[in-house]
Amino acid sequence: MESKLNIYNTLKRKKELFVPLNPPHVGMYVCGPTVYGEPHLGHARPGVTYDVLFRYLKYLGYKVRYVRNITDVGHLENDADVGEDKIAKKARLEQLEPMEVVQFYTNSYHDKMRALNTLPPSIEPQASGHIIEQQAMVQQILDNGYAYEKNGSVYFDVEKYNKKFKYGKLSGRVVEDLQSNTRVLEGQDEKKNPFDFALWKKAEPEHIMRWPSDWSDGFPGWHLECSVMSTKYLGKKFDIHGGGMDLLFPHHECEIAQSTAANGEESVHYWMHNNMITIDGQKMGKSLGNFITLNELFSGNHKLLKQAYSPMTIRFFMLQAHYRSTLDFSNEALQAAEKGLSRLFAAWNTLNKLEASDKSSFDVQALKQKCFDAIDDDLNTPILFAHLFDGVKFINSVAAGTESITAADLEELKKLYHDFIFNIAGLKDELEDVADGENKLDEVMDILLNTRIEAKKNKDFATSDKIRDLLKDAGIIIKDTKDGFEWQLK
RNA sequence: GGUCACGUGGCCGAGCGGCUAGGCUCUGGUCUGCAAAACCAGCUACAGCGGUUCGAAUCCGCUCGUGACCUCCA
């Protein structure tokens with residue numbers, strides 16, 4: 001478990017060696033989706049990023065508790081503290097019970113995350129299931145003097161908090177600047193300062209999702225759930241908190257303030273933030289309406305899409321960029337990822353058929369070291385794949401007979417590729433999935449292709465080409481090899 | 001307006017002081033009945049202008065451009 005994993009800590013603005021608070025245990029919390037719409041490409045990024053982290057930590061032998069929440073209440077439409085609850089709004093539009101909306105999109109989110117081969121989190125708590133705990137934290141913050149009640153709503157007192165602790169340390173903001181820069185929005189006259197945020201909000205009569213409390217019939221503020229649920233399941237201090245960069249301010253800043261105000265100390269050791277997916281250089285997001293849902297990507301059913309892209313193509317596409325860089329969507333980039341991935345899996349299959357000889361013309365240990373160095377360097381998956389592709393060239397050369405490998409090295413190389421491709425990067429061979437359990441198809445293909453080989457032997461190329469062309473039309477690609485043939489579904 | 005990022009070859013995308021990133025595309029070659037795959041070779045790079053340095057895509061300054069956050073967003 002001795003690892004050299006370094007992760008970029010947004011709080012410190014630099015890479016730090018990862019040292020868990022209570023080894024071998026690791027606690028990680030990631031902000032999940034607000035379930036009021038179909039998950040889109042943007043949701044896949046943190047899903048995949050923190051899945052790789054989760055997988056790698058487990059690979060290193062840590063006992064990881066991975067908590068990812070479902071936001072199903074308290075997330076408002078306009079200003080954080082005025083306006084309509086997103087879930088309730090969607091429910092009214094669709095003539096549904098709010099929890100029906102929540103369930104529908106939660107299911108869809110799970111389906112898509114599973115398709116992307118992300119492991120389910122250890123705990124996936126819902127905000128609506130933790131109203132009692134949220135009320136308790138509101139009371140705690142009130143008792144500690146960092147919140148005030150006004151007309152049944154409770155607000156966090158940023159100015160007061162800032163005197164003892166520092167508000168804005170994560171996002172690099174200072175309260176004085178906020179004072180002059182925060183937009184004045186209507187309905188905020190209850191607050192002492194415009195940057196104060198709601199911990200508990202009194203519900204308007206038409207508001208559907210509401211719970212009784214000491215202050216009013218109302219609902220919790222959006223930022224509260226993450227502080228509450230991370231504390232409940234990971235303790236007052238835990239290792240890693242992840243989320244999208246767009247949540248850095250105000251959401252994560254408020255989380256820090258709430259947890260600190262309630263518990264007296266900061267809770268998170270390493271803050272991690274994934275960057276955005278862009279489209280034509282602009283952030284892909286709900287508010288801009290320029291998002292492509294995962295449904296649309298998987299089916300190709302969107303005006304910007306030239307074709308469907310498989311979940312693994314999407315996953316690989318993301319892993320070819322560093323998680324802290326923006327990643328620009330385009331058909332060309334996705335197609336390149338699709339082909340690259342296919343080349344990687346072709347090499348994996350080749351690797352498993354390789355024959356050993358008495359010497360190696362390649363340094364497997366050096367490759368292994370490079371791969372670990374890459375992943376240890378703040379999950380640098382693009383570098384990791386660059387090294388794996390160097391290995392692909394070698395694997396293909398061994399198959400072609402221009403390079404060689406010993407039996408021991410071969411075993412080592414197989415393990416290396418298996419560990420990194422499947423266990424850590426979390427990729428899977430989708431073609432193999434299809435082929436599995438289709439023994440009949442295998443038999444039929446053997447018959448067909450052996451017939452073709454005979455035709456070739458007899459120089460009956462018209463027949464052999466016809467078989468190849470017709471199969472191609474049916475979505476099956478034939479590759480002739482030295483001593484036979486290979487085929488794969490496209 | 002404030003705060004902070006970023007601008008790399010046809011496309012995507014690493015690198016963060018000296019050493020080929022990688023993937024995809026393109027061109028030529030080897031192999032093959034042809035094709036595909038594979039292998040070999042090649043092709044256009046570091047926004048601009050200064051500065052620091054023996055040496056800069058990489059550090060500093062300025063200019064131009066793009067974006068993010070400051071309001072819900074992964």
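Chain letters run A, B, ... following the sequence lines, proteins first and then strands; every chain starts at 1. Since the structure is predicted, the reported quantities are computational estimates derived from the model, not experimental observations.
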Considering only heavy side-chain atoms of A321(A), the closest of G23(B), A14(B), C12(B) is A14(B)
Identify which nucleotide among G33(B), C69(B), C24(B) has an atom closest to any side-chain atom of D246(A), counting heavy atoms from C-beta outward. C69(B)
Within the structure shown, what part of the strands sits under 4.0 Å from N275(A) by heavy-atom distance: base, sugar-phosphate, or nothing? base
Name the closest nucleotide to the F249(A) side chain, picking from A36(B), A74(B), C69(B). C69(B)
Of the listed nucleotides (C39(B), G33(B), A14(B)), which one gets closest to any side-chain atom of P382(A)? A14(B)
Tell me which nucleotide among A74(B), U25(B), G33(B) gets nearest to the side chain of K339(A). U25(B)
Need the pair for C16(B). Rule: Watson-Crick or G-U wobble, both distances under 3.5 Å, any strand; none if unpaired. none
P gap between A36(B) and C24(B), integer Å: 15 Å
Among the nucleotides A74(B), C24(B), C70(B), which one has an atom lying closest to any side-chain atom of P250(A)? C70(B)
Could you give the distance separating C11(B) and C43(B) at their C1' atoms, to the nearest angstrom? 15 Å
If you check every side-chain atom of Q320(A), which of G22(B), A14(B), C11(B) has the closest atom? G22(B)
Side-chain contact check for F389(A): nearest option of G23(B), C40(B), A14(B) is G23(B)
Would you please determine if the base of G23(B) is stacked by F385(A), with stacking meaning a centroid separation under 5.5 angstrom and planes under 30 degrees? no
Apply the side-chain contact (heavy atoms from CB on, under 4.5 Å) test between I279(A) and each candidate in I292(A), L288(A), L41(A); give the one that qualifies. I292(A)
Between F219(A) and W200(A), is the gap from one ring center to the other below 6.0 Å? no
Pick one: which of F291(A), F298(A), Y109(A) meets ring pair (Phe, Tyr, Trp, His ring centres under 6.0 Å) with H40(A)? F291(A)
So, H223(A) versus H252(A), ring centres under 6.0 angstrom or not? no
What's the closest nucleotide to the D390(A) side chain, out of A14(B), G22(B), G67(B)? G22(B)
Taking any heavy-atom pair under 4.0 Å as a contact, classify L327(A): base, sugar-phosphate, or nothing. sugar-phosphate
Checking C40(B), A74(B), G2(B) against the side chain of R173(A) (C-beta onward), the nearest is G2(B)
